[in-house]
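For reference, the structure discussed in these notes is given below.
The structure displayed is predicted, hence computed values, not measured ones. Every heavy atom of this structure was used, including side-chain atoms; hydrogens, water molecules and symmetry mates were not.
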Amino acid sequence: MEAKKVLFITTEIEPFVSENACSVKGHILPQSIQELGYEIRTFSPKWGGINERRNQLHEVIRLSGMNLIIDDTDHPLIIKVATLTSAKMQVYFIDNDDYFMKRGILTDKEGKEYADNGERAIFYARGVLETVKKLGWRPDIIHCYGWAAALAPFYIKQAYNDEPSFRDAKVVMEVSPKEFQRDLGADSAKFVEYKDAHYADIADICGEAYGHTELEKIGVKFADGVIIENKDVDPSIIDYAKSLGLPVLDPVEGDSFREAYSAFYQQIAEASNN
């Protein structure tokens, strides 16, 4: 199989949020891959600090309207979209009043990390996958980047594996340096339950602790290939990926990353034919 279509599930995208290493990567990576001739779709959470009027976001009514149940509570799924004209790239935003409206990315105004960041990652991952289903789009590669995207591989392989949009897709997990310190609590990991995605599938990873490292290891466990963002990634995550025998792309510096990533996508896609 040749990879021609890539779905990007990112955590932040500049200029919608302030410039930092993660948000710049969230912008440059999809744009660069698109410039190589791939068809792409790009998703981000609609963080509370994103100015809808300035960035010209608007709701996509035909994609909005369903509820996602997390811990027996209904949470409405709202889909918005905006266009980065300079990059000729459209971005879909996953929104919800409880998890994103008037709330920061990781911390509140006092700098305190949100206790429900794990639930926010659940809502985001499932929201993206439900939206792609409605779009009827079938990516060849799904590239997950950052803590908010880390549960997507788990749901793709366990809960959505029979869906036409994901049945043949290969998943790449790009692991990043630690983005938050808080232990979310092992009990909250059980909120991941959905269809055939069970807590028992990840209990070996988050039985005693459940934080950034555990989230990324879950992504790795259900990925077909792993990209190491840079040298500051937790070595235990890298060791875990290698222990599973997964293809691993080491950090790539400079502008050559897009060619390296493209070659890695093709490697992952071709491995499915062997």
**Q.** Stepwise salt bridge (Lys or Arg N to Asp or Glu O under 4.0 Å) check, D140 with K4
**A.** CA-CA 6 Å; D140 301 311; K4 298 180 179 178; over 6 Å; no

Q | Verdict with supporting geometry, E12 and K25, salt bridge (Lys or Arg N to Asp or Glu O under 4.0 Å) | A | CA-CA 8 Å; E12 305 174 46; K25 183 72 168 286; over 6 Å; no

Q.
Run the salt bridge (Lys or Arg N to Asp or Glu O under 4.0 Å) test on K217 and D204 for me, step by step, so that the C-alpha distance in whole Å, both residues' side-chain angles and the decisive distance to 0.1 Å come before the verdict.
A. CA-CA 10 Å; K217 283 184 177 179; D204 59 320; over 6 Å; no

(Q) I'd like to know whether R258 forms a salt bridge (Lys or Arg N to Asp or Glu O under 4.0 Å) with E35, so could you lay out the CA-CA distance, the side-chain angles of the two residues, the decisive distance to 0.1 Å, and finally the verdict. (A) CA-CA 9 Å; R258 70 176 194 170; E35 289 170 353; 3.2 Å; yes

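Using a distance-only test at 3.5 Å, with no hydrogens or angles considered, no donor-acceptor pair links the side chain of Y155 to the main chain of R126. Looking only at distances, a side-chain donor or acceptor of K5 sits under 3.5 Å from a matching main-chain atom of R138.
Geometrically, K221 does not engage Y240 in a cation-pi contact, judged by NZ or CZ lying under 6.0 Å from the ring centre and within 45° of the ring axis. A cation-pi contact, defined as under 6.0 Å to the ring centre and within 45° of the axis, is absent between R120 and F100. Figure legend: cation-pi geometry between K190 and Y199, with NZ or CZ positioned under 6.0 Å from the six-membered ring centre and within 45° of its axis. Annotation: cation-pi pair R41/W137 present, NZ/CZ under 6.0 Å from the ring centroid and within 45° of its normal.
At a threshold of 4.0 Å, the pair E52-K46 counts as salt-bridged, since one of the basic side-chain nitrogens sits closer than that to a carboxylate oxygen. The pair D116-R103 meets the salt-bridge criterion, since a charged nitrogen lies less than 4.0 angstrom from a carboxylate oxygen.
Note that CG of L151 is 5.0 Å distant from CG of L215, once rounded to the nearest 0.5 Å. Rounded to the nearest 0.5 Å, atoms OG1 (T131) and CD1 (I78) are 11.5 Å apart. Distance OG/S64 to CD/E59: 4.0 Å, rounded to 0.5 Å. Interatomic distance, OG of S44 versus CG of D95, reported as 10.5 Å (0.5 Å rounding). Taking CG from N161 and CZ from R167, the interatomic distance works out to 9.0 Å, rounded to the nearest 0.5 Å. One distance of note links NE2 of H212 with CG of D183; it measures 13.5 Å at 0.5 Å rounding.
For F16, the ring-ring contact (aromatic ring centres under 6.0 Å, His included) test picks out F93, with sequence neighbours left out. Residues forming a side-chain contact (heavy atoms from CB on, under 4.5 Å) with D71 (at least two apart in sequence, or on another chain): F191.
Grouping the Ile, Leu, Val, Met, Phe, Trp and Tyr side chains by contacts below 4.5 angstrom, directly or via other members, places I94 with V192.
The aromatic rings of Y99 and H75 sit tilted, their planes meeting at an angle between 30° and 60°. Taking the six-membered ring for Trp and thresholds of 30 and 60 degrees, Y160 and F166 have ring planes more than 60 degrees apart, a perpendicular arrangement.
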Could you give the side-chain donor-acceptor pairs of residues 82-89 under 3.5 Å, partners two or more places apart or in another chain?
none

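Shortest non-hydrogen contact noted between V252 and F257 is CG1-CA, 3.5 Å.
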